[in-house]
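Just so it is clear, the model here is predicted, and its values are computed rather than measured.
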Amino acid sequence: MAWRFKVSKYKNAAPKFPKKEELIQDIPVSDINASCGNHIKASCIYAAFNIDSGGGGNLGYLPLNASGRQGNTLPVIYAHADFVTDLDFSPFDDYLLATGSQDCKVNIWLLPDESSPGSLSQPVLSLPLFDRKIENVLWNPQADGILAITSHTTVKLYDITGASGQELFNISKSSDQIQSISWKGDGSLLVISGKDKKIRVIDPRSNSVVQEGNGHQNVKDSRVLWLAGKELILSTGFSQGRTREVKVWDSRQMSTSLSSLDIDSSTGTIMPLYDPDTNMTFLIGKGDTSLNFLELADKEPYLTPGGVDRTEQIKGAALVPKRAMNLMEAEVNRLLVLCRNSIIPATYIVPRKSYREFHSDLYPATQSGEPSLTSEQWLNGQTGQPKLVSLQPCKQLIARNRRGLLLTGALKGDKLTSKKEESQEESSNPVEKLSKAPDVVDAVSWPDIKPGGVKNESQSQNAVVNRATASVEKSKDYIEVKPNNVSKVKPKPEVVEKPMLTPKPVKAFTGVRQSKVRHIQGQLLHPSCFYTNVRNVCKTMPGESDMFAANVTRCVVPTDSFGGCLIVFEFSKATRLPDTGVPVIQNGSKVADFAWDPFDDSRLVVVTDNAKINVWTIPDGGITQNLEQPDISLKGHMEKIYFVSFHPHASNLIMTASYDMTVRLWDLKQQKEVLRLEGHDDQVFCLSWSSDGRQCATVCKDGLVRIFEPRRSLSPLRKGPGPAGIRGARVEWVLQDKHLVVSGFDKNSLQQLIFYRVSDLEILTRVDIAVSPAILIPHYDPDTSVIFLTCRGERLIYTFEVSEEEPYLFECTTCKLEGLHQAVSYLPKYTCDVQKVEVMKAWRLTTNSIEAISFTVPRVKTEFFQDDLYPDTRVSWEATLTAEEWLAGKDKPHRLMSMKPSDMTALSNAPVEAPKMKKFESFNPDTYKTDEQKKEELLSAMVGKLEMSSEPLPQDLTEGVQDDEWDD
């Protein structure tokens, strides 16, 4: 039979797509960036994938059997401070994940047991910082713990064994950025492709190029894949005419390709995936809507088309390991297709007449998930062949007992196999193992591992020893851990039986804090009040600026144009904006920050890079032509200003901070500087006034929080420790100015909330939020004691209720909105609709629109005024003092105003409803009968049926028929 007519068992394999309700849905994937990775990877237990929260620095992960809507329940890995460019699961540990990012870091994560997945924020290992962003991360397919990383033109190899993170090789053989990397099946060689249009085969242990050839003649993204078990290399890329193409190469002779196949002229990068057991090859393009299945052969024509199937627009794709297949359904491969907001598992099934029996001919021996070499053996020049296992439905094919073994350093040298078998015995039957063991048993020393950047806290990813200990505790002996990491089995102590005490009844919900706003909800209002088609929104505003400011009448948005232009939108004229011709405010230099006068909706203060303070007055009805000349222009700072803040009580008073390390108070009426605070040695991130206007707090880049009373002293009254990170911070006064809440970063770019006591600046608690490069901007509502937090490039608005009771910060419902926003600006309390139980109203700025947000608290009796949610509110939109009066030492609080409408009854005065009659009331003795009553009723019924009666029976009274009548 000719080669081209060779029969294949898999040529009719076709994908079976699940029903819509069985898909993994409602995951935030819509706006992930392009990179050299596939955006999704799978092990036999988990699938990890990029999500668009946290600036792309977060990953979601789910068990392979997950389905349905995820939403806020999605477990998240707060992996990096910038976009995660690539990720890869270890081929020998289904829980071990490596991630690389644009923040020039590579982190190693140990995922928790699939029975209790949860969000992670601390890696078990962080490798040293790279000079350029990470492009690829890839584990060696044979040697356990060898990780290859590409960054720009460099390939680095690290040994992760024992959580050491030791650099082994640094290879720079490419003249331009490396775009793709792949290991040979035996783990001895590497193949790379890059922007220099070359494909190189590298021997990393000798730091030499074995073969080199001209690859795809276009600098766009290319991929290489070494076909496991063969000497062939598959590459995808673009031709000089921008056509997508696929080539097959002989790794021993790279001067020319063996085969070349033109695909189409689409622009998406083709991701090649290959199954060495079946020779099934998948070519999947980013942004495409089709899955291309081909079969690979060792001779011409090498690639034979198998079928094309349609799906949703593809963001990424991954191949699930063969040991996780459903063998009884003839499933030979499974693709996980990452789409805009879902993951589609496409299971490739070979059609058979019956699926009652196991079709062993479809499943040749596959990789067992066990390493053939240790890292030491691989470094010594050894080359291993993959260990294979036969696929049988009755076999346990997933090695869960290998979780975290690489990081403990328990597998070393030539003892790899024996250690592994011993570990399997212990996990299979720990009681039997202990009973047969000698007096000395090896103890796992995981708590001693302290790599850089790892915290020895009770985190879910640090549970290797906990799992081992839990299995041992099930036995009848206990283990005493010695300082030299040696454990001795001791006889169990005698158990003294104690009389069982009758437990006292506990009242329901004892110890649970009742919160009125725990279930606060945030949602967008009707689009009829939105501004759409907003163009050229500036995304490079300094982190000290809120970037967006709104009051009751209008809002202001910075534009990405020359001259420091701002656009003012009137809320009364919400509409779709024209493409051109929108009037602007021209400041003459790049805008650093701006703020509306809280007592005058028409006055806007702008600070710029040229150290000027411009005051503008917006005419009634809005701007109809460009404004070029401000009403007031002040200058006093020597370097650019980065924020401005109004006094909460006195009119015409503003505070500014500059890169000249000064914080100055200005009187706009007299147009001069009146005070200058001292004591800052570095950049001031933020300044916040107390609600009474007497004190102000600053948080600085030098890691300190300071409290000032400007009229009393220009030096700080108190100092305290601030956030450890230097990306930025915000400060807010809460709880009648008795406490401070500071949002900032730790050293690993993890967003944090820090709660202080003002009297001594003691830190009372810390709350970790997420890993993100953007600073959380807080807004505090004193009426409900709720603090709202969000950041740029996020779709979530976090809410916390602040209390003087521990743990001080009580998390409420996180509001998830559609699409990402750049900033949120909150309105005064009197704008809330109390009939809808609205506790806050805000506007949010996206990249192309301005949208209204309503925050409500769900209540049953909405016809009543919820006076527990609406205490008398401060009239903060009216000034109580002039600048001269405040500077003279006078203080005057805001007056209070009731939010209660005249036509609504307060909930506290609502008539008390009569209790509804229940079907069964356990406290009513008439509802249930006693046993004696039931006995009497039963006996009465039985006696009633058996009693004797002298009356004739009904049938005896029936008139009969005469005998002579029968003859008729």
key: Minimal non-hydrogen separation, L64 against C44, with atom names   = CD1-O, 3.4 Å
Closest heavy-atom pair and its distance - S772, Q751 = CB-NE2, 3.3 Å
key: Which atom of N140 lies closest to which atom of G187, heavy atoms considered   = ND2-O, 3.1 Å
key: Sidechain-backbone polar pair: K41 side chain, F89 backbone, donor-acceptor under 3.5 Å   = no
query = Which distance, rounded to the nearest 0.5 Å, do you find between the CZ of R402 and the CG of D144?
reply = 5.5 Å
inquiry  = Between L283 and T236, is the side chain to side chain contact (heavy atoms under 4.5 Å, CB included) condition met? List the steps.
reply    = CA-CA 9 Å; L283 302 177; T236 65; 4.2 Å; yes
message = I'd like to know if D103 and K105 make a salt bridge, using a cut-off of under 4.0 Å between side-chain N and carboxylate O.
response = no
key: Derivation of the side chain to side chain contact (heavy atoms under 4.5 Å, CB included) call for R334 and L319   = CA-CA 6 Å; R334 188 188 310 166; L319 203 59; over 6 Å; no
query = Between S101 (side chain) and H80 (backbone), is there a donor-acceptor pair under 3.5 Å?
reply = no
message = As a quick check of understanding, evaluate side chain to side chain contact (heavy atoms under 4.5 Å, CB included) for L138 and L147, giving each step before the final call.
response = CA-CA 6 Å; L138 192 64; L147 181 64; 5.7 Å; no
query = Should R766 and D768 count as an ion pair when the cut-off is N to O under 4.0 Å?
reply = no
Test: R403 and D93 ion pair at under 4.0 Å = no
message = I want to check something: taking the side chain as every heavy atom from C-beta on, are L296 and L227 in contact at a cut-off of under 4.5 Å?
response = yes
task = Please report the shortest heavy-atom distance between G316 and I40, naming the atom on each side.
result = C-CG2, 3.7 Å
request  = Might you work through the side-chain hydrogen bond (donor to acceptor under 3.5 Å, both in side chains) test for S235 and W249, ending with a clear yes or no?
outcome  = CA-CA 8 Å; S235 69; W249 308 79; 2.8 Å; yes
ask   = Does the ring of F130 carry K156 above it, NZ/CZ under 6.0 angstrom from centre and within 45° of its axis?
value = yes
ask   = Do S151 side-chain atoms and T154 backbone N/O form a donor-acceptor pair below 3.5 Å?
value = no
note = To the nearest 0.5 Å, atom OG of S126 lies from atom CD1 of I108 at 8.5 Å
ask   = Hey, is K133 close enough to D86 for a salt bridge, meaning N to O under 4.0 Å?
value = no
inquiry  = With rounding to the nearest 0.5 angstrom, report the CG to CD1 distance, D159 to I146.
reply    = 4.5 Å
request  = Applying ring pair (Phe, Tyr, Trp, His ring centres under 6.0 Å), name anything that partners Y274, two or more places apart in sequence or on another chain.
outcome  = none
query = Below 4.0 angstrom, N of the basic side chain to O of the carboxylate: do R400 and E114 qualify?
reply = yes
request  = Report the residue from L234, I233, V210 that forms a side chain to side chain contact (heavy atoms under 4.5 Å, CB included) with V191.
outcome  = I233
ask   = So do the side chains of V201 and V209 get within less than 4.5 Å of each other, counting heavy atoms only?
value = no
task = Flag the pair V337 / I343 as yes when at least one side-chain heavy-atom distance between them is below 4.5 Å, and no otherwise.
result = no
message = Tell me if a side-chain donor or acceptor on S180 pairs with a main-chain N or O of R223 at a distance below 3.5 Å.
response = no
key: Beyond-backbone contact of Y46 with Y95, side-chain heavy atoms, under 4.5 angstrom   = yes
remark   = The complete set of salt bridge (Lys or Arg N to Asp or Glu O under 4.0 Å) pairs with one or both residues in residues 269-279, sequence neighbours excluded, reads D275-K322, D277-K322
Between S174 and T153, a side-chain donor and acceptor under 3.5 Å = no
query = Would you find a donor on one side and an acceptor on the other, under 3.5 Å apart, between the side chain of T85 and the backbone of S35?
reply = no
task = Show the numbers, then the answer: is there a ring-ring contact (aromatic ring centres under 6.0 Å, His included) between F282 and Y348?
result = CA-CA 11 Å; F282 303 93; Y348 277 78; 4.9 Å; yes
Atom pair CZ/CG of R200 and L189 - distance to nearest 0.5 Å = 15.5 Å
task = Compare all side-chain heavy atoms of Q177 with those of C36 and state whether any distance is below 4.5 angstrom.
result = yes
remark   = One should read off an interatomic distance between L120 CG and N58 CG, to the nearest 0.5 angstrom, of 11.0 Å
Side chain Y363, main chain E331, donor-acceptor under 3.5 Å = yes
ask   = When rounded to the nearest 0.5 angstrom, what is the spacing between CG in L157 and CG in L190?
value = 6.0 Å
inquiry  = Testing the basics here: between G118 and P112, what is the closest heavy-atom pair and its distance to 0.1 Å?
reply    = N-CG, 3.9 Å
query = Which residues pass the ring pair (Phe, Tyr, Trp, His ring centres under 6.0 Å) test with F745, sequence neighbours left out?
reply = none
ask   = What do the steps show when you test T161 against T374 for side chain to side chain contact (heavy atoms under 4.5 Å, CB included), and what is the final call?
value = CA-CA 9 Å; T161 306; T374 64; over 6 Å; no
query = So does I398 have more than 12 non-hydrogen atoms from other groups sitting under 6.0 Å from CD1?
reply = yes
task = Determine whether N136 and D88 make a side-chain contact, defined as any pair of heavy atoms from C-beta on separated by less than 4.5 Å.
result = no
task = Check the side chains of T383 and D186 for a donor-acceptor pair under 3.5 angstrom, ignoring hydrogens and angles.
result = no
query = Taking side chain as C-beta onward, heavy atoms only, is M254 less than 4.5 Å from I199?
reply = yes
inquiry  = Please evaluate residues S222 and Q179 with respect to the criterion side-chain hydrogen bond (donor to acceptor under 3.5 Å, both in side chains), reporting the C-alpha separation (whole Å), side-chain torsions for both, the decisive distance (0.1 Å), and the verdict.
reply    = CA-CA 6 Å; S222 62; Q179 296 173 325; 2.9 Å; yes
query = When you look at NZ of K195, are more than 12 heavy atoms from neighbouring residues, nucleotides or ligands closer to it than 6.0 Å?
reply = no
query = Minimum heavy-atom separation for L388 to Q367, with atom names?
reply = CD2-N, 3.9 Å
ask   = Pick one: which of Q382, R205, Q142 meets side chain to side chain contact (heavy atoms under 4.5 Å, CB included) with S188?
value = R205
request  = Look at E231 together with K184 and state whether they make a salt bridge at an N to O cut-off of under 4.0 Å.
outcome  = yes
